[in-house]
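To keep things clear, I will list the structure first and then write my remarks on it.
Lettering of chains follows the sequences in order, A, B, ..., and the numbering in each one begins at 1.
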2 protein chains.
Amino acid sequence: MVLDCLSDPIRLAIVYQLAQQERVSSELCCGDFSGLAGKSNLAYHFAKLRECGLMLTRVAGTNRFMRLRREDLDTRFPGLLDAVINSASKDADRLQLLSECEVTAAG
Amino acid sequence: MVLDCLSDPIRLAIVYQLAQQERVSSELCCGDFSGLAGKSNLAYHFAKLRECGLMLTRVAGTNRFMRLRREDLDTRFPGLLDAVINSASKDADRLQLLSECEVTAAG
DNA sequence: CCTCATGTTCAACGTTTATTGAACTATTGT
DNA sequence: ACAATAGTTCAATAAACGTTGAACATGAGG
């Protein structure tokens, strides 16, 4: 289920970053998450996120670009994604969701 | 985390029923969930739900009455609980969340 | 063609998690 | 005091999960 998928901190971080990227309407590729885990571990989490319908992948050359399935999610689970992302952003500092992939100052 | 707690089907069912009970402003005791799992298994899930701040227990004699920590949750995670419960209610039939404890017709 | 970069798949490992039954505590009613 | 009821705690087991590295596939570029 979707909640099970979002309950993992790495997957939550992935979804959170994809949600941030939505604003710029650009996509992220696997390598952009390399701060969160190793390659194979990320592939595992990506698969889970795809399975439960949270995101989709567009293949372009050797890159895979991903984005949230925002519309489908908002239809099936109204308000859920926003509530989760909202809550995650409040805990972002505490959970170090950002520290590895977005913040470059604290290192 | 809260999402991890809600990702278990039994715990989700418990939370869902507690949310239904909110409307009647009455509480439920452990035995009311006996359709979901055995006593000791329920106690395990109750502990988890208490740990992550989803519900609280009021001891009255040999009974434990429980309810959602609605206000705390809405403060910390605005909209999350409602979104989850809303989504759960749509899947209630499919997930058989109700069948054992509330519905008496479909059996 | 060869090599490098990007990701995925597979097998293995260790940890966490859910589930069960038995033993235990505490309260109510007789 | 005794038995019955309502839950919790504990130890043990099985399944699920996340993590890792090695092998593999595929496209880009010299």
Side-chain angles (χ1 to χ4, degrees), chain A residues 1-18 21 26-68 84 88 95-97 99-101, chain B residues 1-18 21 26-69 88 95-97 99-101:
Chain A
M1 210 231 182
V2 176
L3 288 175
D4 189 58
C5 227
L6 292 170
S7 68
D8 181 274
I10 292 186
R11 286 194 294 265
L12 181 57
I14 293 171
V15 167
Y16 182 75
Q17 289 186 230
L18 286 175
Q21 209 60 214
S26 75
E27 299 158 305
L28 290 174
C29 65
C30 302
D32 295 327
F33 301 94
S34 57
L36 292 171
K39 281 190 340 178
S40 61
N41 193 12
L42 283 178
Y44 164 76
H45 288 300
F46 292 146
K48 287 236 152 191
L49 287 166
R50 259 180 266 119
E51 272 173 36
C52 74
L54 270 166
M55 60 172 230
L56 48 81
T57 300
R58 180 175 63 87
V59 180
T62 99
N63 290 300
R64 263 87 166 169
F65 292 101
M66 353 213 191
R67 58 194 152 90
L68 290 181
V84 168
L95 292 174
Q96 294 175 311
L97 284 177
S99 58
E100 308 230 58
C101 292
Chain B
M1 210 232 181
V2 176
L3 288 175
D4 190 57
C5 227
L6 292 171
S7 69
D8 180 276
I10 292 186
R11 287 195 292 267
L12 181 59
I14 293 171
V15 167
Y16 182 75
Q17 289 186 229
L18 286 175
Q21 209 59 213
S26 75
E27 298 158 306
L28 290 173
C29 65
C30 302
D32 295 327
F33 301 95
S34 57
L36 292 171
K39 282 192 338 179
S40 59
N41 193 12
L42 283 178
Y44 164 75
H45 288 301
F46 291 146
K48 288 236 152 192
L49 287 166
R50 259 180 266 119
E51 272 173 35
C52 75
L54 271 165
M55 61 172 228
L56 49 81
T57 301
R58 179 175 63 88
V59 180
T62 94
N63 290 301
R64 264 86 167 168
F65 292 101
M66 355 216 189
R67 57 193 152 92
L68 290 181
R69 298 183 56 180
L95 293 173
Q96 292 176 312
L97 285 176
S99 57
E100 309 229 58
C101 292

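Remark: P of C:dT8 and CZ of A:Phe65 are 13 Å apart, rounded to the nearest angstrom. Rounded to a whole Å, the CE atom of A:Met1 is 18 Å from the C1' atom of D:dA16. Atom CG in A:Asn41 sits roughly 12 Å away from atom P in C:dT8 (whole-Å rounding). Distance, B:Leu36 CG to C:dT20 C1': 16 Å, rounded to whole Å. Between the CG atom of A:Leu49 and the P atom of D:dG18 there is a distance of 10 Å, rounded to whole Å. As a whole-Å value, the separation of A:Met55 CE from C:dG7 C1' is 12 Å. In this structure, the CD1 atom of B:Ile10 is 12 Å from the C1' atom of C:dT20, given to the nearest Å. Remark: P of C:dT8 and CZ of A:Phe33 are 11 Å apart, rounded to the nearest angstrom.
Look at A:Arg11 and you won't find any side-chain N or O under 4.0 angstrom from OP1 or OP2 of D:dT19. Under 4.0 angstrom from either OP1 or OP2 of C:dT19 there lies at least one side-chain N or O belonging to B:His45. In terms of phosphate contacts, A:Arg64 brings no side-chain nitrogen or oxygen within less than 4.0 Å of OP1 or OP2 of C:dA5.
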*asked:* I'd like to know whether B:Met55 forms a side chain to side chain contact (heavy atoms under 4.5 Å, CB included) with B:Arg50, so could you lay out the CA-CA distance, the side-chain angles of the two residues, the decisive distance to 0.1 Å, and finally the verdict.
replied: CA-CA 5 Å; B:Met55 61 172 228; B:Arg50 259 180 266 119; 4.2 Å; yes
*Should B:Leu36 and B:Gln17 be marked as a side chain to side chain contact (heavy atoms under 4.5 Å, CB included) after you check the CA-CA gap, both sets of side-chain angles, and the distance that decides it?*
CA-CA 11 Å; B:Leu36 292 171; B:Gln17 289 186 229; 4.0 Å; yes
*Should A:Val15 and A:Val84 be marked as a side chain to side chain contact (heavy atoms under 4.5 Å, CB included) after you check the CA-CA gap, both sets of side-chain angles, and the distance that decides it?*
CA-CA 10 Å; A:Val15 167; A:Val84 168; 5.9 Å; no
_Determine whether A:Arg67 and A:Leu56 satisfy the following criterion, side chain to side chain contact (heavy atoms under 4.5 Å, CB included), listing intermediate values before the conclusion._
CA-CA 6 Å; A:Arg67 58 194 152 90; A:Leu56 48 81; 3.6 Å; yes
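The base of D:dG7 has none of its N or O atoms less than 3.5 Å from a complementary donor or acceptor on the side chain of B:Thr62.
For the atom pair A:Ile14 CD1 and A:Leu54 CG, the distance stands at 10.5 Å (nearest 0.5 Å).
Nucleic acid contact for A:Asn63: sugar-phosphate only, since backbone atoms but no base atoms lie under 4.0 Å from a heavy atom of the residue. Using a 4.0 Å heavy-atom cutoff across all strands shown, B:Arg58 reaches no nucleic acid atom at all.
Residue whose closest nucleotide on DNA chain D sits further toward the 5' end, between A:Ala60 and A:Gly38: A:Gly38. Nearest-nucleotide mapping onto DNA chain D: of A:Lys39 and A:Asp4, the residue sitting toward the 5' end is A:Asp4.
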